[in-house]
Structure formats: structure tokens, C-alpha cells
**Student:** 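Encoded as C-alpha cells, here's the structure I'll be asking about.
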Amino acid sequence: NIELHGIIVQAGIAGAAVRPVESPWPNFKIYTGDLQTEAGGLSRIKNKLKHIFCNIAPLASYAFLSKAAQQAIAAVLTTNYDLVIIDHMLAICNIQPSALLSLKHKVILIAHDVTPLYLLGTSRLNKNIVAKIFLFDDAFKSLVVESTLIKRAALTVFLSQWDEQWYSW
């Protein structure tokens with residue numbers, strides 16, 4: 001008899017979830033990134049700069065940030081669950097890096113999109129020098145986070161052969 005409990009964090013932008021997800025299981029809670037309730041203007045700029053300089057997660061993960069999800073995940077990580085599944089490294093912004101590295105739980109990572117390469121490509125195409133710098137920084141952070149997660153994971157599920165080949169080093 002297996003009992004599943006989970007937390008799903010979906011990106012939130014402009015007042016609603018980007019792609020609303022309904023929980024397929026009764027013991028799964030869904031959280032939406034706080035961008036839907038965050039004040040705009042200078043407050044948002046300040047929060048994004050704080051995210052860039054104080055968070056190991058790339059800025060691309062900002063839409064997934066959720067205070068409620070962070071609290072729920074922190075509480076769950078203190079329990080005796082057997083397994084933590086992380087679907088896409090952008091959701092990692094809701095887990096403190098120290099908590100992730102000290103997990104007693106086995107971790108399964110679902111890796112897709114080779115985020116660092118995507119961000120490097122976007123950086124190369126962007127003509128704005130400031131945007132290029134931030135995208136390059138995001139690519140580096142993504143590489144560090146994704147590589148660390150892959151090494152830490154008991155199992156990594158790659159969604160394409162290309163993803164698997166990229167990380168086979």
C-alpha cells in the first residue's frame with residue numbers, strides 16, 4: 001500500500017497561473033507563484049534584484065516563487081517521507097539550498113530543456129547588453145543548480161535523449 005503526498009508549484013504571472021494544474025491526487029497541494037499577488041513597479045524590481053543577488057536559483061525561476069509553497073515544502077522536508085520528486089529545476093527556488101543538500105530523502109529529478117543552453121542561446125540573440133549579462137548569469141546558475149541536482153538525485157529522468165546526452169559528462 002503506497003500513500004502519495006505532494007506539493008505542486010506552478011508559475012504565476014499577471015494574476016493567474018500560467019498553465020493551471022489540477023491535482024491528480026487527493027494528497028497533493030498546489031501552489032501558484034506569488035507574482036499573481038506581488039505589487040508591481042519598484043517593489044517588483046527590488047524583489048527581482050534580491051532574487052538575482054541572494055538566490056542560487058536563476059531569475060527564470062522567479063515566476064515559481066511562492067512563500068506559501070516555501071513554508072509547506074520546509075515543513076514536508078522535516079518529515080519521514082521516503083522520496084522527493086523535483087520536476088524541472090526552476091521549481092527549486094522554493095527550497096533552501098542548504099535543505100536540499102542535507103535531505104535525508106531520496107531525490108528523483110525530472111530534467112528537461114537543458115535550461116543552461118536555452119538561456120545561453122537567448123543571451124546570444126539578445127541585443128541589450130544588460131539583458132545579455134543577466135541571461136549569462138542565469139545560464140551559469142542553472143548549470144550549477146541542475147548539475148548539483150543530477151549528482152544528488154538517486155534517479156534522474158530525462159525527457160529526451162538530447163537532455164541525457166548533454167548531462168552524460
**Student:** Got a sec, which residues hit side chain to side chain donor-acceptor pair (under 3.5 Å) with Thr148, two or more places apart in sequence or on another chain?
**Tutor:** none
**Student:** Cluster question for you: counting only ILVMFWY and a side-chain heavy-atom cut-off of under 4.5 Å, with indirect links fine, are Leu135 and Phe53 together?
**Tutor:** no
**Student:** For the pair Leu119 and Leu117, evaluate side-chain contact (heavy atoms from CB on, under 4.5 Å) and give the outcome as yes or no after the intermediate values.
**Tutor:** CA-CA 5 Å; Leu119 290 168; Leu117 282 183; over 6 Å; no
**Student:** Leu120 and Leu125: same hydrophobic cluster, using ILVMFWY side-chain contacts below 4.5 Å?
**Tutor:** no
**Student:** For the CZ atom of Phe136 and the CZ atom of Arg124, what is their distance to the nearest 0.5 Å?
**Tutor:** 9.5 Å
**Student:** Holding to side-chain contact (heavy atoms from CB on, under 4.5 Å), I want the full list of residues that pass it with Ala57, two or more places apart in sequence or in another chain.
**Tutor:** His51, Asn55, Ser61, Ile92, Cys93
**Student:** Not counting sequence neighbours, list each pair that qualifies as a salt bridge (Lys or Arg N to Asp or Glu O under 4.0 Å) and has a residue in residues 128-148.
**Tutor:** Asp137-Lys141
**Student:** Considering residues at least two apart in sequence or located in another chain, which fulfil the side-chain contact (heavy atoms from CB on, under 4.5 Å) criterion with Tyr118?
**Tutor:** Thr122
**Student:** Sequence neighbours excluded, which residues qualify as side-chain contact (heavy atoms from CB on, under 4.5 Å) partners of Leu109?
**Tutor:** Ile86, Ala111, Leu149, Ile150, Ala153, Thr156
**Student:** I'd like to know if Phe134 and Ile129 are part of one continuous hydrophobic network [Ile/Leu/Val/Met/Phe/Trp/Tyr, side-chain heavy atoms within less than 4.5 Å].
**Tutor:** yes
**Student:** Considering residues at least two apart in sequence or located in another chain, which fulfil the side-chain contact (heavy atoms from CB on, under 4.5 Å) criterion with Ala72?
**Tutor:** Ile7, Tyr31
**Student:** Any idea which heavy atoms bring Pro58 and Ser142 closest together, and the distance?
**Tutor:** CG-OG, 3.3 Å
**Student:** Going only through I, L, V, M, F, W and Y residues with side-chain contacts under 4.5 Å, is there a path from Ile52 to Val130?
**Tutor:** yes
**Student:** Nearest 0.5 Å please: distance from the CG atom of Asn47 over to the CG atom of Leu42.
**Tutor:** 11.0 Å
